[in-house]
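Heavy-atom basis, side chains included; hydrogens, waters and symmetry copies ignored. Indexing begins at 1, ligand by ligand and atom by atom, following the structure's order.
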Amino acid sequence: MKANSLRELYVKELQDLYDAENQIIKALPKMIDNASSEELQSALNEHLEVTREQAQRIQQIFSDMGQKLKAEKCKGLEGVIREGNDVLKDAEDDDVRDAAIIASAQKVEHYEMAAYGTVRTWAQLLGEDEAADLLQQTLDEEKEADQKLNQLAEEINIEAKEAAEGEEEEQPQRARPRKSGTRSRRVA
Ligand code: FE
Ligand code: ZN
Ligand code: FE
């Protein structure tokens, strides 16, 4: 679809976001299954419910405009999700995996925050006041989800860091290499 006006661009971006929300609805259950922290699981579960409502809001905007909604593949978010899945597969420690899940979930939220901020502003400019309100609601929810993840990361990142430290302790102690200038030399 070519976009020669801001309205067309707005419609195109909303279609893209509709696909983005649906990709997230598909991706979240996998992240929830892989999460070890119960708090993280419930935060993601909560956001899954919220995400379903966000997809419905876009449907509502289209029905209010009397326009048919056809999803446009969101390639940007597809990449963010795919990268997150790769990192998740590589994380073996539970806490490290949780930290990886938070990292990719926050990338998703920030992507959405950027996109919803834009379409909210365009809706205002185009006189689509009800749509602007709906989009603002979603934007607020994405920000809230991001803040919740920030909170969870505070503890989980530290646990992830300690996991690596525990591993180091199990390894045989190795003498630290010294800088040549500080090497103590025993004189016979
Ligand atoms: Fe969303
Ligand atoms: Zn997109
Ligand atoms: Fe979100």
Side-chain angles (χ1 to χ4, degrees), residues 9-65 67-89 91 97-124 126 128-157:
L9 193 60
Y10 167 69
V11 168
K12 197 178 154 73
E13 195 62 34
L14 284 176
Q15 287 171 337
D16 182 278
L17 267 171
Y18 183 66
D19 180 70
E21 296 296 10
N22 283 305
Q23 285 188 47
I24 295 164
I25 290 167
K26 276 192 206 132
L28 274 170
K30 190 178 174 184
M31 291 164 93
I32 294 164
D33 280 352
N34 280 287
S36 302
S37 152
E38 273 174 35
E39 263 189 291
L40 178 57
Q41 283 181 340
S42 77
L44 295 173
N45 247 317
E46 216 172 280
H47 199 58
L48 177 58
E49 289 309 309
V50 165
T51 302
R52 291 197 178 105
E53 284 168 35
Q54 294 174 343
Q56 278 167 18
R57 275 184 205 129
I58 298 176
Q59 287 178 334
Q60 200 194 317
I61 291 171
F62 275 79
S63 75
D64 289 349
M65 286 192 294
Q67 211 162 324
K68 220 181 144 208
L69 171 56
K70 42 178 177 114
E72 184 133 338
K73 184 102 204 155
C74 181
K75 297 190 194 105
L77 198 86
E78 190 182 32
V80 173
I81 289 175
R82 202 186 306 143
E83 190 176 282
N85 284 339
D86 289 347
V87 175
L88 199 151
K89 262 186 261 147
R97 196 181 315 106
D98 280 358
I101 290 169
I102 292 175
S104 75
Q106 285 196 289
K107 284 182 195 168
V108 169
E109 295 314 320
H110 279 250
Y111 189 99
E112 294 186 282
M113 280 152 61
Y116 276 106
T118 298
V119 287
R120 183 273 331 267
T121 299
W122 288 348
Q124 287 168 342
L126 295 165
E128 300 281 354
D129 295 342
E130 278 171 38
D133 285 348
L134 290 172
L135 296 168
Q136 181 67 54
Q137 253 178 292
T138 297
L139 178 58
D140 292 342
E141 289 167 356
E142 310 297 22
K143 285 182 184 166
E144 221 174 275
D146 179 56
Q147 276 162 15
K148 179 73 198 174
L149 289 164
N150 262 340
Q151 257 176 43
L152 293 173
E154 266 182 46
E155 202 184 308
I156 288 171
N157 283 342

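A salt bridge links Arg52 with Glu49; the closest basic N to acidic carboxylate O contact falls under 4.0 Å.
Looking at Glu142 and the Fe ion (ligand 3) together, the shortest N, O or S contact belongs to OE1.
Among the atoms of Glu112, an N, O or S atom is found under 2.8 Å from the Fe ion (ligand 3). At a cut-off of 2.8 Å, Gln54 coordinates the Fe ion (ligand 1) through an N, O or S atom. Residue side and main chain included, Glu21 places no N/O/S atom under 2.8 Å of the Fe ion (ligand 3).
Note that CG of Asp64 is 8.5 Å distant from CD of Glu128, once rounded to the nearest 0.5 Å. In this structure, the separation between NZ on Lys30 and CD1 on Ile101 is 10.5 Å, given to the nearest 0.5 Å.
Rounded to 10 degrees, the NE2-metal-OE2 angle spanning His47 and Glu109 at the Fe ion (ligand 3) equals 70°.
Proximity of Tyr10 to Ile61: side-chain heavy atoms (C-beta onward) are separated by under 4.5 Å at one or more points.
The only option from Glu144, Glu142, Glu141 that meets the side chain to side chain donor-acceptor pair (under 3.5 Å) definition with His47 turns out to be Glu142.
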